[in-house]
Amino acid sequence: MTYKSLLQLAAAVMTLGIFAVSVNAQGPVGDKAKADAIQAHTAAATAAAKEDFKSSLNMCTPPAPAPAQRGAGGGGQQNPAAPAPAAAEASKAFDNLYFVGLRSVAAWAIQTSGGIILIDALNNAKDAENTIVPGLKHLGLDPNQIKYVVITHSHGDHYGGAQYLIDHFHPRTVMSDADWKGVEGPLQFDNPNWSKPPKRDITINDGYKLTLGDTTITLYVTPGHTPGTISPVIPVKDNGRTHSALLWGGTGFNFERTAPNFKRYAESADRMSEIVGKSGIDVFLSNHPNVDSALAKLDALKTRGAGQPNPFVVGPDTVKRFLKVVGECARAQLATF
């Protein structure tokens with residue numbers, strides 16, 4: 001081998017060595033960039049959460065556990081081996097909005113001049129019969145006046161009682177196209193505690209206006225928790241004064257763990273935050289009472305004095321803070337990919 005050839009070989013070996021060091025460095029550098037991004041989004045979520053939304057910060061922790069198998073239950077919302085969910089007292093939140101759910105999962109009844117719009121139907125026929133129906137009666141409402149059941153998303157702890165209500169009171173049932181498809185094919189989750197989903201009825205698109213009597217609610221499709229989660233915006237009245245409530249239709253990250261799913265969730269939170277700002281939405285609601293502290297707020301209303309504020313009226317900035325929490329947690333998860 002000539003001297004020139006030896007020089008060329010040495011140069012090639014050196015180049016390969018530099019390349020190898022560069023490639024090996026990408027692991028630690030890439031890991032640090034991921035860790036920094038996760039930390040930044042988690043910090044932003046933590047700052048937004050303050051004390052009232054601290055319970056949602058566990059959504060930031062990577063990796064979020066994906067459902068182990070079909071039949072595992074609603075992302076931890078229900079345990080097939082657990083005792084029956086604890087009931088909560090049916091209570092009035094606003095002049096036209098009532099809680100008729102369980103301690104673990106909510107159903108909200110909107111009273112209008114033309115009847116009742118029910119948001120979600122709990123786990124099963126037994127819950128509908130033993131919680132929703134007597135809860136309405138306790139509050140002086142007639143279950144026969146249920147005209148619509150809006151199902152926020154295609155998990156059984158929200159649709160399970162719908163068929164009982166359809167069979168006994170004949171309301172129309174409302175869901176998005178994507179989530180009707182979700183219950184028409186193989187279920188994302190199933191659980192022996194959940195009754196079967198109802199058959200497709202009314203299919204809504206994003207921004208659908210559902211009017212009953214003197215009340216119109218707007219149904220936004222906010223993909224993330226499920227492909228077609230619905231987040232209703234509801235006009236509510238407190239001592240005659242009108243407020244606007246956002247019910248965030250799906251909170252947890254119990255979906256297939258993919259970058260597009262987390263991106264979609266974050267984008268839905270961002271979009272609804274813009275709508276909150278433009279519309280002045282000042283009430284935050286959830287379909288799980290631990291998320292919006294609904295039970296504590298309902299208890300506070302029992303001792304509310306004349307002229308004292310309704311604890312559900314938190315202002316647009318607080319509603320946006322919640323959306324910031326879940327959006328930043330979704331981005332923290334997205335940063336792991």
Side-chain angles (χ1 to χ4, degrees), residues 52 85-123 127-152 157-158 161-162 165 169 171 210-218 231-249 280-315 318-319 322:
D52 45 347
E89 182 182 0
S91 302
K92 178 180 176 180
F94 287 90
D95 297 346
N96 62 329
L97 182 70
Y98 303 84
F99 178 91
V100 288
L102 301 165
R103 302 191 71 84
S104 58
V105 61
W108 293 96
I110 306 164
Q111 184 182 25
T112 81
S113 63
I116 295 169
I117 301 172
L118 187 70
I119 309 293
D120 284 340
L122 307 183
N123 297 284
D127 285 349
E129 180 181 13
N130 295 338
T131 300
I132 294 175
V133 172
L136 291 172
K137 291 178 178 178
H138 172 74
L139 294 163
L141 303 175
D142 182 0
N144 290 289
Q145 292 300 306
I146 303 173
K147 304 301 182 183
Y148 293 99
V149 178
V150 177
I151 299 170
T152 54
D157 49 342
H158 303 283
L165 298 171
F169 308 112
L210 177 63
T211 299
L212 181 62
D214 58 357
T215 302
T216 297
I217 68 174
T218 305
S231 293
V233 172
I234 307 162
V236 293
K237 295 179 181 179
D238 183 59
N239 292 328
R241 182 177 178 182
T242 300
H243 297 272
S244 185
L246 167 66
L247 195 161
W248 185 241
I281 294 168
D282 57 356
V283 175
F284 170 66
L285 301 173
S286 173
N287 46 24
H288 287 286
N290 66 305
V291 177
D292 60 353
S293 302
L295 300 182
K297 292 173 182 176
L298 291 168
D299 283 343
L301 281 170
K302 295 175 185 176
T303 57
R304 179 189 183 192
Q308 291 183 332
N310 186 315
F312 282 96
V313 180
V314 295
T318 295
V319 181
F322 170 79

Look at the side chain of [X] and the backbone N and O of [Y], then say whether any donor-acceptor pair between them is shorter than 3.5 Å.
X: Thr112; Y: Thr215; value: no
X: Ser231; Y: Gly249; value: yes
X: His288; Y: Ala106; value: no

Where [X] and [Y] come nearest, the two heavy atoms and their spacing:
X: Leu285; Y: Ala245; answer: CD1-CB, 3.9 Å
X: Asn144; Y: Phe169; answer: OD1-CD2, 3.5 Å
X: Ile146; Y: Leu165; answer: CD1-CD2, 4.3 Å
X: Ser244; Y: Ile281; answer: O-CG2, 3.3 Å
X: Pro289; Y: Asp292; answer: O-OD1, 3.2 Å
X: Ser286; Y: Val291; answer: OG-CB, 3.5 Å

Validation row, ring centre Tyr98 to ring centre Trp108 under 6.0 Å:
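Here the rings of Trp108 and Tyr98 have centres that are no less than 6.0 Å from each other.
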As an exercise, state the distance from [atom1] of [X] to [atom2] of [Y], rounded to the nearest 0.5 Å.
X: Asn287; Y: Ile119; atom1: CG; atom2: CD1; answer: 10.0 Å
X: Tyr148; Y: Ile116; atom1: OH; atom2: CD1; answer: 14.0 Å
X: His158; Y: Leu122; atom1: NE2; atom2: CG; answer: 9.0 Å
X: Ile234; Y: Leu97; atom1: CD1; atom2: CG; answer: 6.0 Å
X: Asp299; Y: Ser293; atom1: CG; atom2: OG; answer: 11.5 Å
X: Phe94; Y: Thr242; atom1: CZ; atom2: OG1; answer: 10.5 Å

Distance-only check: which donor-acceptor pairs under 3.5 Å involve side-chain atoms of residues 304-311, not counting sequence neighbours?
residue, atom, partner, partner atom, Å
Arg304, NE, Gln308, O, 2.8
Arg304, NH1, Asp238, OD1, 3.0
Arg304, NH2, Asp238, OD2, 2.8
Arg304, NH2, Gln308, O, 3.0
Gln308, OE1, Gly305, N, 2.5
Asn310, OD1, Phe312, N, 2.8
Asn310, ND2, Ala93, O, 2.9
Asn310, ND2, Asp238, OD1, 3.2

Are side-chain heavy atoms of [X] and [Y] found at a separation under 4.5 Å?
X: Pro235; Y: Thr216; value: no
X: Val314; Y: Phe322; value: no
X: Leu102; Y: Thr131; value: yes

Selection residues 87-96 - residue pairs positive for side-chain hydrogen bond (donor to acceptor under 3.5 Å, both in side chains), sequence neighbours left out:
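For residues 87-96, and leaving out neighbouring residues, the side-chain hydrogen bond (donor to acceptor under 3.5 Å, both in side chains) pairs sorted by first residue read Glu89-Lys302.
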Verify side chain to side chain contact (heavy atoms under 4.5 Å, CB included) between Ile151 and Asp120, making sure each step is shown before the conclusion.
CA-CA 5 Å; Ile151 299 170; Asp120 284 340; 4.2 Å; yes
Taking only residues two or more places apart in sequence, or in another chain, which ones meet Asp142 in a salt bridge (charged side-chain N to carboxylate O under 4.0 Å, His left out)?
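Counting only residues at least two positions away or on another chain, Asp142 forms no salt bridge (charged side-chain N to carboxylate O under 4.0 Å, His left out).
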